[in-house]
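Encoded as structure tokens, the structure appears first; notes follow it.
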Amino acid sequence: MANHKHLRVVIEDIYLNNNELTKELDLRLINEFRYSNLYIPAKRQDFTLNFIIYEDEGLRLTPLFTDPDEFKKFFTDTEDIQLMQNSFELYQNILKTGDLDGYILNPATEKYVFTREFILDIKNVPKTNFYTTNTYSKEEIRQLKNASNPDLESFISNPANIGDYEALFERLSRSTLLTLMVSDADLTSMAKDGIISMMDSGPLAQMHTDNVGGTYATIFSSEEKLKYVKTDKFKYSQVINLAMLVNFVLTEDMDGIILNPDTDNVLIPRVTLLKYSLGFEKFANDEKLSESIYYMFPL
């Protein structure tokens with residue numbers, strides 16, 4: 001569960017800067033807020049849920065929380081209050097259709113006020129839905145998982161290219177990429193024609209992450225690279241939509257992505273993903289892969 005640690009770090013840095021927003025701090029704040037999924041409290045009255053509003057120095061504000069623990073610090077009696085988690089887009093729409101002056105984040109600790117003007121001025125809201133009816137069939141996805149990416153692998157093998165993220169992302173957007181799914185159970189017997197469908201069975205595995213110095217999603221340029229990962233769990237490959245994965249990493253408050261862990265170890269930090277996030281949506285979003293997350297392939 002995301003606790004929005006990166007957003008809280010930005011706010012802490014603003015406090016340390018005497019509450020003055022520099023251009024760099026302002027950009028970090030906007031980027032983190034765009035990809036936040038903050039919690040909002042609502043009170044049930046006559047079968048409807050109404051957001052809680054209170055006055056603070058003449059402003060009509062609704063509290064938002066980074067996590068349920070912060071909510072419990074502020075609302076000690078939560079019997080008739082329901083906590084809901086929503087995307088940034090909803091919080092913009094609430095301000096567009098109501099008379100709130102803004103939001104206050106974690107009123108028991110940070111007490112940071114996001115004004116109406118600040119929230120509504122944020123543009124380029126990230127996608128929250130990658131659904132499409134025009135998708136690859138599971139047989140087409142099975143063929144894609146065998147793809148190789150020689151241009152990408154040649155690029156990352158050259159030490160001179162370290163840190164050239166624009167060139168790296170250009171190659172990633174042209175590549176067919178995989179992630180590693182892991183399970184405590186051997187699911188091979190559930191495969192039909194070499195395909196394990198979680199549409200039929202429900203969620204059976206989870207994405208492998210690298211947890212050294214943070215939580216990083218892992219992506220791979222080939223199935224061969226997957227085999228180098230050291231784990232006691234059973235391993236399965238999955239074809240990914242890179243734009244969907246980047247969106248997931250940012251909204252889930254992860255620290256970044258590692259390409260080919262345990263071999264090439266190409267680190268893409270969160271701050272870089274935020275900088276180029278809209279480019280991923282535009283240039284790396286193969287919509288036909290929107291259902292690839294439901295299929296896994298035994299290694």
Side-chain angles (χ1 to χ4, degrees), residues 1-2 129-153 156-157 171-212 214-249 251-252 254-268 284-299:
M1 180 184 65
N129 190 341
F130 288 83
Y131 174 77
T132 179
T133 57
N134 180 28
T135 61
Y136 292 117
S137 68
K138 59 184 179 181
E139 289 77 14
E140 288 174 317
I141 295 173
R142 179 173 57 183
Q143 292 302 313
L144 287 172
K145 65 101 175 175
N146 295 318
S148 62
N149 298 286
D151 182 46
L152 172 62
E153 293 190 349
I156 62 177
S157 68
R171 284 162 175 79
L172 287 173
S173 68
R174 300 197 306 260
S175 302
T176 299
L177 299 168
L178 306 173
T179 192
L180 173 62
M181 302 296 288
V182 293
S183 174
D184 291 324
D186 184 354
L187 309 174
T188 307
S189 63
M190 304 186 69
K192 297 179 180 178
D193 298 323
I195 304 171
I196 300 170
S197 171
M198 290 188 283
M199 282 188 172
D200 301 327
S201 61
L204 298 171
Q206 61 185 8
M207 182 176 64
H208 172 74
T209 58
D210 191 300
N211 297 300
V212 178
T215 302
Y216 294 85
T218 56
I219 60 175
F220 300 83
S221 57
S222 69
E223 278 199 330
E224 186 63 29
K225 295 287 186 178
L226 286 163
K227 297 175 182 178
Y228 288 94
V229 173
K230 302 174 183 65
T231 175
D232 295 330
K233 298 180 182 294
F234 293 94
K235 300 195 291 187
Y236 309 88
S237 66
Q238 186 176 80
V239 183
I240 60 166
N241 176 340
L242 183 58
M244 284 179 65
L245 182 74
V246 170
N247 186 285
F248 174 79
V249 168
T251 56
E252 290 299 308
M254 299 174 74
D255 293 287
I257 291 175
I258 296 179
L259 169 62
N260 293 343
D262 294 315
T263 53
D264 302 294
N265 289 305
V266 179
L267 177 67
I268 308 172
N285 179 23
D286 184 350
E287 293 183 341
K288 296 183 72 175
L289 281 170
S290 64
E291 290 188 352
S292 66
I293 57 174
Y294 300 115
Y295 301 110
M296 302 188 305
F297 308 94
L299 290 178

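These numbers come from the heavy atoms of this one structure, side chains and all, not from hydrogens, waters or symmetry mates. Just so you know, residue 1 is the first one in the sequence shown, and it goes up from there.
Annotation: side chain of Tyr136 is in contact with side chain of Asp286 (closest heavy-atom distance under 4.5 Å). Looking at heavy atoms from C-beta onward, Asn285 lies in side-chain contact with Asn241 at the 4.5 angstrom threshold. Residues Leu259 and Leu152 are in side-chain contact: their nearest non-hydrogen atoms beyond the backbone lie under 4.5 Å apart. For the pair Met296/Ser183, no side-chain contact is recorded, criterion being any heavy-atom separation below 4.5 Å from C-beta on. For the pair Phe234/Thr188, no side-chain contact is recorded, criterion being any heavy-atom separation below 4.5 Å from C-beta on. Inter-residue side-chain proximity for Tyr295 and Met199 is flagged as met; some heavy-atom pair is nearer than 4.5 Å. Leu187 has its side chain within reach of Tyr236: a pair of non-hydrogen atoms, C-beta onward, lies under 4.5 Å apart. Between Leu299 and Glu223 there is a side-chain heavy-atom pair separated by less than 4.5 Å.
Atom CG of Leu242 is separated from atom CZ of Arg174 by 13.0 Å, given to the nearest 0.5 angstrom. One distance of note links OG1 of Thr263 with CD1 of Ile258; it measures 10.5 Å at 0.5 Å rounding. Note: Leu289 CG to Leu245 CG = 12.0 Å, rounded to the nearest 0.5 Å.
Distance alone, capped at 3.5 Å, places no donor-acceptor pair between the Ser148 side chain and the Pro150 backbone. With hydrogens and angles ignored, the 3.5 Å screen pairs a side-chain donor or acceptor of Glu140 with a backbone N or O of Ser137. For the pair Asp255 (side chain) and Thr215 (backbone), a donor-acceptor distance under 3.5 Å is present. Here the side chain of Asn260 pairs a donor or acceptor atom with the backbone of Ser221 at under 3.5 angstrom. Looking only at distances, no side-chain donor or acceptor of Ser175 sits under 3.5 Å from a matching main-chain atom of Leu177. Distance alone, capped at 3.5 Å, places no donor-acceptor pair between the Asn211 side chain and the Tyr216 backbone. Looking only at distances, a side-chain donor or acceptor of Gln238 sits under 3.5 Å from a matching main-chain atom of Ile293. No donor-acceptor pair under 3.5 Å is formed between the side chain of Thr135 and the backbone N or O of Lys288. Remark: side-chain polar atoms of Ser292 are paired, donor with acceptor, to backbone N or O of Val239 under 3.5 angstrom.
Around the CG atom of Asn129, the shell of radius 6.0 Å holds more than 12 heavy atoms that belong to other residues, nucleotides or ligands. Counting non-hydrogen atoms of neighbouring residues, nucleotides and ligands closer than 6.0 angstrom, the CZ atom of Phe130 exceeds 12 such neighbours. For Gln206, the CD atom counts as loosely surrounded, since its 6.0 Å shell holds 12 or fewer non-hydrogen atoms of other residues, nucleotides or ligands.
Smallest separation of non-hydrogen atoms from Lys233 and Asp184: NZ-OD1, 2.5 Å. In terms of heavy atoms, Ser222 sits closest to Glu153 at OG-OE2, 3.7 Å. Between Ile257 and Val249, the shortest heavy-atom distance links the atoms CG1-CG2, 3.9 Å. His208 and Val229 make their closest contact through NE2-CG1, 3.5 Å (heavy atoms, listed as atom of the first residue, atom of the second, distance). Smallest separation of non-hydrogen atoms from Leu204 and Met198: N-SD, 3.6 Å. Minimum heavy-atom separation, Phe248 to Met254: CE2-SD, 3.9 Å.
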Are Lys225 and Asp264 close enough, and set up right, to give a salt bridge (charged side-chain N to carboxylate O under 4.0 Å, His left out), and what steps lead you there?
CA-CA 9 Å; Lys225 295 287 186 178; Asp264 302 294; 3.1 Å; yes

With side chain to side chain contact (heavy atoms under 4.5 Å, CB included) as the criterion, how do Ile219 and Leu180 come out once you've worked through the C-alpha distance, each side chain's angles and the decisive distance to 0.1 Å?
CA-CA 7 Å; Ile219 60 175; Leu180 173 62; over 6 Å; no

What's the verdict on salt bridge (charged side-chain N to carboxylate O under 4.0 Å, His left out) for Glu224 and Lys227, showing C-alpha distance, side-chain angles and the deciding distance?
CA-CA 5 Å; Glu224 186 63 29; Lys227 297 175 182 178; 3.7 Å; yes

